[in-house]
Amino acid sequence: MNSKSDIRIPAEASALPELEGDPAQVDAFATEMRQAASRMEDFAEFAWGSAVLDGWEGGAAAAYGNRVTSVADNAGPAGTAFRAVRAAAVTYSDALSDLKSRLVDLSEDRAAYSHNRVTLRDAKLETSNDELEVIHTLIHRSEEVTDQYTQLEDAIRAWVADAAAADSAFSDALFPLGGASSVNFMTSQAVEASPSFPIDGANAETIAAWWAALTPAEKDAMVTVRPELVGNLDGLPSAIRDDANLLALNADITNFRNLDNQNELTDSDREAYRNALATLEALRNPSMVDPITGERVPMLLTVYKPYAHVGDGGVAISLGNPDEAENLAISVPGMMNSMEAVGDGVNNAYNLYHSSVTAAPGARTAVMFWLDYNSPDFDSANFDADVVGAISPDAAVDGAENLNRMMRGLAVQNDGNPLITAVGHSYGSMLVAQAAASSPEPLFDQVVLIGSPGPGPGIETATDLNVGNGHVYVGVASEDPVAGALAVHGAETASNRFDGERFRAESVDRESDTGFDDHNAYFDTTFHKDERVTYSESVYNMGQIVAGNHDNVLDAERQSIAVTARGVHRGPDPESERSPEAQGVDLEKLRDEYENLQD
């Protein structure tokens, strides 16, 4: 039987783009190009005819002839080039006129859709749960409005793509003798040759100052010609890094596809190709929707290194702009992770984002999935304490340097004093702990270690971590073998010895054997069709932590561990005796409460 919750209200339509360019001005430019072409061609004809003057002979005459001929040889092609530009301008003017007309139509379609959406939303609010016929009619209407939304969004994307194609074609035509790419190339070469160009190892402040001093043309040239450099420079605005990395990603996919078609992909190319495709798929995930606004969450590709880390690749995707966030979390995964599995990591980051936003509606929130280190591999078929112990902490120590470098870059760009939380899962918790302990200045306000095999070398207690507000949170499921019997890289984080703030992190499907389901359940979230969501204990508490709601975090009792001359004595984990309680949220009710507060 249908219910009121089956009446789905689609998202608000995207804002309409602006038309950059005036057909009348482009027509005037085309006329100037036609006149310039005529003058160049007339001059070339005159010069060629004047290369030999009657009665003048000798060396000077020969030098004059060579010079005039050279000028004529350049003037002729220049005239041809001006005519090509004139033709391109005419084509561009026609394209602008068409885009202008389509934009008017899009404006009318958007207004009609917005009216239909608001009407449907109001009708839903006014309908009671027992008005079944009305509900049935509104469900049908909801499907129609959703189709209208899809068609409108497709039309807007098509308009944007056509506008970009027209701009690109005209831009290339403006430099027919060398191409716009050659101008950008020369500009970028000049920038990199400048003494102010930051050398390897430059700090984030130096890189940010260098970028700010560039002209708009220099910045455009660097993004266009050196996207692989710009996209991975810590200290640059995240939006610029995203622009550059998307250019690099799309160029790589095109190149890899061509090489694949010609059977010329090397093994490393093929691995990088898979990494690039996985990244593109993660960025296109349509389910990343803000739980309050219903709009798609902006996703920024802030690290893109498809060949890095012995082929595993390096990647970071931020849900929300980290430069503008009030609450910012960095999610670091553990072992057996690679760029090819970026989709799973982004899904976990989205679950944390969802929980964080519902914990603090209205706050600007960003959650970044970060994987820019060489995540260790192991033989899962023979996984025990000896295997875990044999896994070197070196990757965590080295990765901590990368993480800290990125955090310093974010600090330069986000000067709004955001609440910064580092969340490390499994081996990633060791990396986060090493990052917090090794930095002379606190780069994180708080850290969250979940499913941790231990914090790694040099760390005995939570106080060894240099954390801004002193909060070192720990989430450990009682049946998680990695954080329990296999925790051999330092103190067991859920214990009284480590002295962290333990929160409830039991899985509702708690396993009593040595399987790894509980180890991989910390981000579990269930989205229901009736506008409800159920968070696992862990992801609920992490959302409250990221939002700064420390009083709402559900505490868990720490496990008692004593070290004596006779060895280590572990008491039972108190959490194993407690019944897990998932946390449900009624999104529709939450949105109504938020809207009422805004009014």
Side-chain angles (χ1 to χ4, degrees), residues 4-5 8-12 121 124-125 285-299 317-322 324-331 345-369 418-423 425 445-446 448 450 471 473 475 503-508 521-556 580-599:
K4 185 178 175 180
S5 62
R8 310 289 291 187
I9 308 299
E12 293 185 11
R121 183 197 64 190
K124 178 181 179 180
L125 292 173
N285 190 331
S287 65
M288 306 295 173
V289 177
D290 189 285
I292 302 300
T293 66
E295 298 177 354
R296 192 169 189 277
V297 181
M299 300 174 70
I317 294 177
S318 181
L319 303 173
N321 191 333
E324 301 172 355
E326 296 169 298
N327 298 324
L328 170 61
I330 313 297
S331 178
V346 171
N347 285 337
N348 286 342
Y350 174 66
N351 292 346
L352 178 56
Y353 174 90
H354 200 282
S355 177
S356 303
V357 170
T358 57
R364 295 190 303 275
T365 299
V367 176
M368 179 186 295
F369 171 74
L419 176 64
I420 301 177
T421 308
V423 179
H425 173 240
D445 296 303
Q446 49 197 7
V448 179
I450 51 176
H471 285 295
Y473 285 99
F503 58 84
R504 296 183 181 183
E506 293 297 294
S507 170
V508 293
Y522 291 102
F523 292 92
D524 279 3
T525 304
T526 303
F527 299 96
H528 307 280
K529 292 183 179 180
D530 59 354
E531 293 294 293
R532 290 184 306 110
V533 62
T534 301
Y535 301 124
S536 66
E537 289 186 343
S538 175
V539 82
Y540 166 81
N541 282 315
M542 288 193 291
Q544 298 296 329
I545 292 168
V546 171
N549 300 335
H550 303 293
D551 291 340
N552 294 344
V553 178
L554 303 176
D555 295 334
E581 299 178 12
Q583 302 294 316
V585 175
D586 185 329
L587 295 178
E588 191 168 15
K589 180 180 178 181
L590 184 63
R591 292 187 196 112
D592 290 341
E593 292 173 350
Y594 175 70
E595 290 176 2
N596 291 333
L597 287 174
Q598 300 308 299
D599 295 338

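In this text the structure is predicted, and so the values were computed from the model without any measurement.
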Could you tell me which residues satisfy salt bridge (Lys or Arg N to Asp or Glu O under 4.0 Å) with Arg8, sequence neighbours excluded, listed by chain and number? Glu531
Which heavy atom in [X] sits nearest to a heavy atom in [Y], and how many Å separate them?
X	Y	value
Leu419	Val546	CD2-O, 3.4 Å
Asn541	Arg504	ND2-O, 2.9 Å
Leu587	Pro291	CD2-CB, 4.2 Å

Kindly determine whether Val448 and Phe503 satisfy side chain to side chain contact (heavy atoms under 4.5 Å, CB included), including the steps that lead there. CA-CA 10 Å; Val448 179; Phe503 58 84; 3.8 Å; yes
Let me see the working for Asp290 and Tyr353 under side chain to side chain contact (heavy atoms under 4.5 Å, CB included), right down to the final yes or no. CA-CA 9 Å; Asp290 189 285; Tyr353 174 90; 2.9 Å; yes
Using the six-membered ring wherever Trp is involved, compare the ring planes of His471 and His550 and label them parallel, tilted or perpendicular (cut-offs 30° and 60°). parallel
Is the shortest side-chain heavy-atom distance between [X] and [Y] below 4.5 Å?
X	Y	value
Val346	Asn285	no
Tyr473	Thr421	no
Asn327	Ser356	no
Thr293	Tyr594	no
Glu588	Lys124	yes

Return the set of residues passing ring pair (Phe, Tyr, Trp, His ring centres under 6.0 Å) with Tyr535 (not counting sequence neighbours), or none when no residue passes. His354
Side chain to side chain contact (heavy atoms under 4.5 Å, CB included) assessment of Val585 paired with Tyr540: CA-CA 10 Å; Val585 175; Tyr540 166 81; 5.7 Å; no
